[in-house]
Amino acid sequence: CTVSQVHGFTPPDATEVPVQFACTTDEDGKTLFFDSDAIALLGNGFVSDETRLALDPQAISPDGMINVQQAMAPGAVTIVSNDVENNRRRKLTTTGTKRVLVVRVVNDVRNQKPSQSEARMSNDVFYDDNNLRVRYDDCSNGALIFDPATGTNVSNGVLTVSTTENLDGMGWQNCGRIATNGARGIAKDYTMIVCPDVVNFGGAAAWGQMPGSTSWYMSRYASIPIVQMHELGHNLGHHHSGKDGVTYRDPTCNMGNRGSWSDRGSNFCFNAAKTWANKWYEEYHIIVDPSSGSYDGTLVGINAVKNKTITETGQDVVIKIDSSGETALYIIYNRMTGANNQVPQNGDQVVIVEQGRELRSTSSWRAALSEGQEYTQGGWSGTGTLIVKVCSLEIGTPGSAR
């Protein structure tokens with residue numbers, strides 16, 4: 001099986017929850033969870049979606065939990081780290097049309113069920129004014145579409161799985177086990193599991209594999225666009241977007257946590273690092289190495305591509321500043337219009353974030369600049385000083401920053 005991190009998403013200003021770990025089996029795609037601290041078993045060389053385990057079946061309980069203590073016994077597990085070639089073969093893409101299956105878990109006898117009916121859950125994910133499908137379609141300029149899965153007993157992308165097990169106090173992992181078993185045989189790229197509010201989510205509103213294909217939602221939060229966007233963002237391989245050392249504080253990105261937690265949600269997309277990794281606007285990416293050159297050009301917002309107001313040459317959407325030995329910086333003009341017209345903060349400013357590897361790495365907000373302002377970073381490439389200055393900024397139609 002291949003090990004991945006599973007990240008919990010909490011309501012604004014709530015206490016963050018510790019990361020969990022899952023191991024997805026090669027044979028049938030079953031998700032196994034660890035019953036205690038997986039790092040004790042995996043070691044510091046663990047890499048999400050690359051570290052692989054060969055487990056003694058005796059270390060796996062009937063409910064799909066890996067007993068870490070038993071797995072640490074001599075000969076019980078073989079760890080193969082950094083299986084890069086296998087990872088390349090299985091790598092999930094951020095473009096194309098993907099099938100999403102929403103699974104409701106219910107116990108009708110005990111009246112334990114999500115508050116959303118099948119029809120409402122389908123509407124809230126695929127068909128109303130603002131949802132998972134709409135947001136990714138808008139933010140990607142049609143490059144990534146989430147369509148409802150089809151199959152036996154699937155109604156507009158939603159399947160209801162019934163159980164006789166008491167869901168009150170059950171862990172979200174076991175609720176997921178029930179859903180996964182009930183959804184076998186249905187073709188899908190991603191699975192969103194919606195559990196009744198009586199299920200124990202460990203303080204989180206939802207959980208998502210990073211990267212992976214499964215996310216888990218407490219019913220009361222399952223219809224909220226930012227929660228859907230955030231968890232599927234983890235599935236695509238994105239880590240969180242922070243600011244000033246706080247994990248979720250970046251107000252310009254759905255991998256932060258500053259958007260509306262309502263069913264209507266808010267219209268905004270991703271920061272520069274995540275936008276770069278998504279490759280939706282790759283034609284308008286540019287890499288700059290300040291140790292050997294400079295950049296004097298124009299940035300436009302993502303909506304300029306959708307509206308076809310971007311020029312063929314001389315305008316870019318994302319800049320990556322990358323020099324040997326430095327953590328890369330990413331720059332975007334956070335134009336507050338179209339798909340991004342309700343971004344919580346830093347609208348119509350040039351926003352800079354820092355991030356290591358393109359996927360599975362936390363980004364950190366560094367600056368938001370208006371016309372005439374600059375960002376400096378000393379010690380760049382050893383002894384140099386990096387300067388990013390916004391010479392002019394235009395917020396009309398389509399808007400640009402030089």
Side-chain angles (χ1 to χ4, degrees), residues 4-7 9 47-50 84 87-96 98 132 135-146 189-190 208-213 215 226 228-243 247-257 259 268-289 299-303 305-306 316-323 326-335 339-340 343 346 350-366:
S4 60
Q5 293 179 346
V6 184
H7 290 272
F9 194 36
V47 179
S48 186
D49 202 43
E50 292 183 11
V84 177
N87 183 57
R88 286 175 183 154
R89 288 194 301 268
R90 300 184 310 105
K91 186 176 181 181
L92 297 172
T93 62
T94 56
T95 59
K98 306 297 181 181
L132 176 80
R135 296 281 2 104
Y136 272 99
D137 184 1
D138 280 355
C139 290
S140 71
N141 191 27
L144 179 60
I145 303 296
F146 289 122
D189 299 296
Y190 296 94
Q209 262 183 312
M210 186 201 78
S213 60
S215 51
I226 190 174
Q228 299 170 359
M229 286 278 287
H230 188 99
E231 297 310 335
L232 268 290
H234 281 315
N235 286 172
L236 295 173
H238 295 309
H239 212 309
H240 292 134
S241 298
K243 178 182 178 181
T247 303
Y248 295 129
R249 188 169 282 176
D250 184 344
T252 69
C253 185
N254 271 286
M255 298 313 294
N257 189 5
F268 73 113
C269 298
F270 295 93
N271 67 21
K274 269 58 175 181
T275 300
W276 181 282
N278 285 329
K279 303 185 188 305
W280 297 331
Y281 302 94
E282 193 169 23
E283 181 181 353
Y284 303 103
H285 290 182
I286 186 168
I287 299 176
V288 179
D289 182 353
L299 286 175
V300 295
I302 61 172
N303 217 58
V305 180
K306 185 171 186 175
D316 303 298
V317 171
V318 190
I319 303 171
K320 180 180 181 179
I321 302 179
D322 196 15
S323 297
E326 298 291 341
T327 302
L329 296 176
Y330 297 82
I331 306 175
I332 199 168
Y333 179 33
N334 192 36
R335 186 76 176 92
N340 204 48
V343 61
N346 305 136
V350 173
V351 181
I352 304 170
V353 299
E354 180 183 75
Q355 183 167 308
R357 58 194 297 175
E358 291 184 8
L359 291 173
R360 294 165 292 181
S361 180
T362 302
S363 63
S364 180
W365 183 101
R366 284 288 177 256

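- Counting only heavy atoms from C-beta outward, the side chains of V288 and I331 never approach each other to under 4.5 Å.
- Side chains of N346 and N334: a donor-acceptor N/O pair is absent below 3.5 angstrom, by distance only.
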Could you please spell out the steps behind the side chain to side chain donor-acceptor pair (under 3.5 Å) verdict for S363 and D250? CA-CA 9 Å; S363 63; D250 184 344; 4.6 Å; no
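- In this structure, R249 has no salt bridge (Lys or Arg N to Asp or Glu O under 4.0 Å) partners at least two apart in sequence or on a different chain.
- Interatomic distance, CD1 of I302 versus OG1 of T275, reported as 6.5 Å (0.5 Å rounding).
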Yes or no on side chain to side chain contact (heavy atoms under 4.5 Å, CB included) for L236 and Y190, after CA distance, side-chain angles and deciding distance? CA-CA 10 Å; L236 295 173; Y190 296 94; 3.4 Å; yes
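- A pairwise comparison of heavy atoms in T327 and G356 identifies CG2-N, 3.8 Å as the closest pair.
- In this structure, Q355 contributes its side chain and R357 its backbone to a donor-acceptor pair below 3.5 Å.
- In this pair, H238 and F270 present their aromatic rings tilted. The plane angle is within the 30 to 60° band.
- Considering OG1 of T252 and NZ of K274, their distance stands at 9.5 Å, rounded to 0.5 Å.
- Between the OG atom of S140 and the CG atom of N278 there is a distance of 8.5 Å, given to the nearest 0.5 Å.
- C269 has its SG atom 2.5 Å or further from the SG atom of C253.
- Under the side-chain hydrogen bond (donor to acceptor under 3.5 Å, both in side chains) criterion, R135 pairs with N130, N267, not counting sequence neighbours.
- Between H7 and H239, the distance separating the two ring centers is shorter than 6.0 angstrom.
- Taking both residues in full, the closest heavy atoms of K243 and P251 are given as CD-CD, 4.3 Å, listed atom of the first, atom of the second, then distance.
- The backbone N or O of T94 lies less than 3.5 Å from a partner atom in the side chain of W280, making a donor-acceptor pair.
- Smallest separation of non-hydrogen atoms from S364 and R366: OG-NH1, 2.8 Å.
- Residue N271 holds its CG atom at 10.0 Å from OH of Y330, rounded to the nearest 0.5 Å.
- Under a 3.5 Å cut-off, the side chain of H240 and the backbone N or O of T362 do not form any donor-acceptor pair.
- Closest heavy-atom contact between P211 and R360: CD-CD, 3.8 Å.
- Going from atom NZ of K320 over to atom CH2 of W276 covers 6.0 Å, rounded to the nearest 0.5 Å.
- Proximity of a side-chain donor or acceptor of S48 to a complementary backbone N or O of Q5 within less than 3.5 Å is detected.
- Here the CG-CG distance, from D189 to L232, works out to 11.0 Å after rounding to the nearest 0.5 Å.
- Legend: residues meeting salt bridge (Lys or Arg N to Asp or Glu O under 4.0 Å) with K98, ordered by chain and number and at least two apart, are absent.
- Considering every non-hydrogen atom in both L299 and V318, the closest pair reads CD2-N, 4.3 Å.
- Y281 pairs with exactly one of I332, V300, N141 by the side-chain contact (heavy atoms from CB on, under 4.5 Å) rule, that one being N141.
- Side-chain contact check for S4 and D49: no donor-acceptor pair (N or O, by modelled atom type) lies under 3.5 Å.
- Here the shortest heavy-atom pairing between C139 and M229 reads SG-CE, 4.3 Å.
- With contacts defined as side-chain heavy-atom distances shorter than 4.5 Å, the pair N254/F268 qualifies.
- Looking only at distances, no side-chain donor or acceptor of D322 sits under 3.5 Å from a matching main-chain atom of A328.
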